[in-house]
Asker: 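The structure under discussion is supplied below as structure tokens; questions concerning it will follow.
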Number of protein chains: 2
Amino acid sequence: MSFPSPQHDHGPCVVHALQVAEEECRRRGARLTDIRRRVLELVWRSHAPIGAYALLEALGKAAPPTVYRALDFLLAHGLIHRIEKLNAFVGCPHPGHAHPGQFLLCRQCGAAAELNDESIEQAVRRAAEKTGFLVAGLVVEAEGLCPACRKDAV
Amino acid sequence: MSFPSPQHDHGPCVVHALQVAEEECRRRGARLTDIRRRVLELVWRSHAPIGAYALLEALGKAAPPTVYRALDFLLAHGLIHRIEKLNAFVGCPHPGHAHPGQFLLCRQCGAAAELNDESIEQAVRRAAEKTGFLVAGLVVEAEGLCPACRKDAV
DNA sequence: TTGCGGAACGTTATAATATAACATTTAGCC
DNA sequence: GGCTAAATGTTATATTATAACGTTCCGCAA
Ligand SMILES: [Zn+2]
Ligand SMILES: [Zn+2]
Ligand SMILES: [Zn+2]
Ligand SMILES: [Zn+2]
């Protein structure tokens, strides 16, 4: 919910995310195969949202469909989110209940933070209702400066 | 601000948009060249957001950079918006003051409506502030059913 | 008017992102 | 073990976007 400090030790976050993912997949009867786990780990290891071809390269010998299929699986089970603005992917810090993500993207350091603010979704839903539109999915992506980069910029 | 009825006569909308664009460009000292005007007209003629390569085809004999340059110009001067989710473009119904768009995108008929709801932006700004993040740009894209398609679906 | 200089455009090639189609392997189940 | 469906491998190609460089056009000023 808060912005990840750039110098925090990210290792434990990755380990924790993988544990949660194992659990969540078990609960759902979904198979977190080796490739899928490796992609998820790579996504988490990256501090910033990471693109499919960067993942592909990190995986070593693999073709595009391999990584896209893994990403599709992870998206379908709510373990990652896609950032539309960046054509990139980021780990979900609290999978288990389906939700659209709301993201803060630092234009300086690339870091991303996920919000899940009820009032944002409500504001959209209310405004949409006024026009008679029924909201089914929602993309919210704010670009700007994270706390650390904001300080640096003075 | 409200959803465009699918059977409304779109011709006048296009004509009006082009007039406003002429005016706005004059005001800004920007050149609305033939290509740029044709691209803007094509964007407006399309009921739904339209992609760069569809515009390219409609233009006839032209190469990608031609249409992308025109789109860049139109974006820079606030005459169109880009829909990130769709990699597509839509005319702005009220250019003249820079603003991020907030969009309602019908998954059935493809129609798009632009909102400019203060409360949405405020909700995002407030939630971002809590984390110390400074918002500079904002993408809001809701997917769902427009009033007409909602009725059809019962 | 003519020539200058920058903006706009043309053209070719290529980068970056994503999917189609089909063969092969693997994992779970009886 | 043998069956089946899911997962993965493999090749080709679609889709979206930009780089690089040459040419043309347009406003402006000598
Ligand atoms: Zn999430
Ligand atoms: Zn930052
Ligand atoms: Zn607008
Ligand atoms: Zn519709």
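Each chain gets a letter, A, B and so on, in the order its sequence line appears, and its residues count up from 1.
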Asker: How are the rings of B:His8 and B:His10 set relative to one another: parallel (under 30°), tilted (30 to 60°) or perpendicular (over 60°)?
Answerer: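 B:His8 and B:His10: perpendicular rings.
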
Asker: In whole Å, I'd like the distance from the CG atom of A:Leu86 to the P atom of C:dA16.
Answerer: 16 Å

Asker: Indicate whether OP1 or OP2 belonging to C:dC9 is found under 4.0 Å from a side-chain N or O atom of B:Arg31.
Answerer: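 For C:dC9, OP1/OP2 do not have a side-chain N/O of B:Arg31 under 4.0 Å.
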
Asker: A:Asn87 CG to D:dA17 P: how many Å, rounded?
Answerer: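 Spelled out: CG on A:Asn87 to P on D:dA17 is 8 Å.
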
Asker: Which one, D:dT8, C:dG10, D:dT11, comes nearest to the side chain of A:Arg36?
Answerer: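 So the side chain of A:Arg36 is nearest to D:dT8.
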
Asker: Without decimals, in angstroms, what is the distance between A:Leu75 CG and C:dT17 P?
Answerer: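 Answer to the nearest Å: 16 Å.
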
Asker: So what does B:Arg82 hit on the nucleic acid, given a heavy-atom distance under 4.0 Å: a base, only sugar-phosphate, or nothing?
Answerer: sugar-phosphate

Asker: Could you work out which one of C:dA18, D:dT8, C:dT12 sits closest to the side chain of B:Ala63?
Answerer: C:dT12

Asker: Which whole-number value in Å describes the distance from B:Arg69 CZ to D:dT16 C1'?
Answerer: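 Answer to the nearest Å: 16 Å.
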
Asker: Using a 4.0 Å heavy-atom cut-off across all strands, classify A:Arg37 as base, sugar-phosphate, or nothing.
Answerer: nothing

Asker: For the side chain of B:Ile35, starting at C-beta, report the closest nucleotide among D:dT10, C:dC9, C:dA18.
Answerer: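 So the nucleotide nearest the side chain must be C:dC9.
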
Asker: With a cut-off of less than 4.0 Å, is there a side-chain N or O of B:Thr66 near OP1 or OP2 of C:dG10?
Answerer: yes

Asker: Where the side chain of A:Tyr53 is defined as all heavy atoms beyond and including C-beta, which of D:dT10, C:dC9, C:dT17 is the nearest nucleotide?
Answerer: C:dT17

Asker: Expressed in angstrom and rounded to an integer, what is the separation of A:Leu56 atom CG from D:dT10 atom P?
Answerer: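 Spelled out: CG on A:Leu56 to P on D:dT10 is 13 Å.
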
Asker: Minimum heavy-atom separation for A:Val39 and A:Leu74, please, with both atom names.
Answerer: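 Here A:Val39 and A:Leu74 meet closest at CG1-CD1, 3.8 Å.
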
Asker: At less than 4.0 Å, is any side-chain N or O atom of A:Tyr68 found next to OP1 or OP2 of C:dA18? Yes or no.
Answerer: yes

Asker: For A:Pro65 and A:Gly51, take the nucleotide of DNA chain C holding the closest heavy atom to each; which residue's nucleotide lies nearer the 5' end?
Answerer: A:Gly51

Asker: Determine, step by step, whether B:Glu41 and B:Arg37 satisfy the salt bridge (Lys or Arg N to Asp or Glu O under 4.0 Å) criterion, reporting the C-alpha distance in whole Å, the side-chain angles of both residues, the deciding distance to 0.1 Å, and the verdict.
Answerer: CA-CA 6 Å; B:Glu41 178 172 354; B:Arg37 185 177 9 251; over 6 Å; no

Asker: May I ask you to test the B:His99-B:His81 pair for a side-chain heavy-atom distance under 4.5 Å?
Answerer: yes

Asker: Give the rounded distance in Å between these two atoms: CD of A:Glu57 and P of C:dA18.
Answerer: 16 Å

Asker: B:Asp34 CG to C:dA8 C1': how many Å, rounded?
Answerer: 12 Å

Asker: Students often mix this up, so state it plainly: with edges at 30° and 60°, are the rings of B:Phe73 and B:His77 parallel, tilted or perpendicular?
Answerer: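 Ring orientation, 0 to 90° scale: tilted.
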
Asker: To the nearest Å, how far apart are A:Lys61 NZ and D:dT11 C1'?
Answerer: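 That distance rounds to 16 Å.
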
Asker: Establish, with yes or no, whether the OP1 or OP2 oxygen of C:dT26 is under 4.0 angstrom from a side-chain nitrogen or oxygen of A:Thr33.
Answerer: no

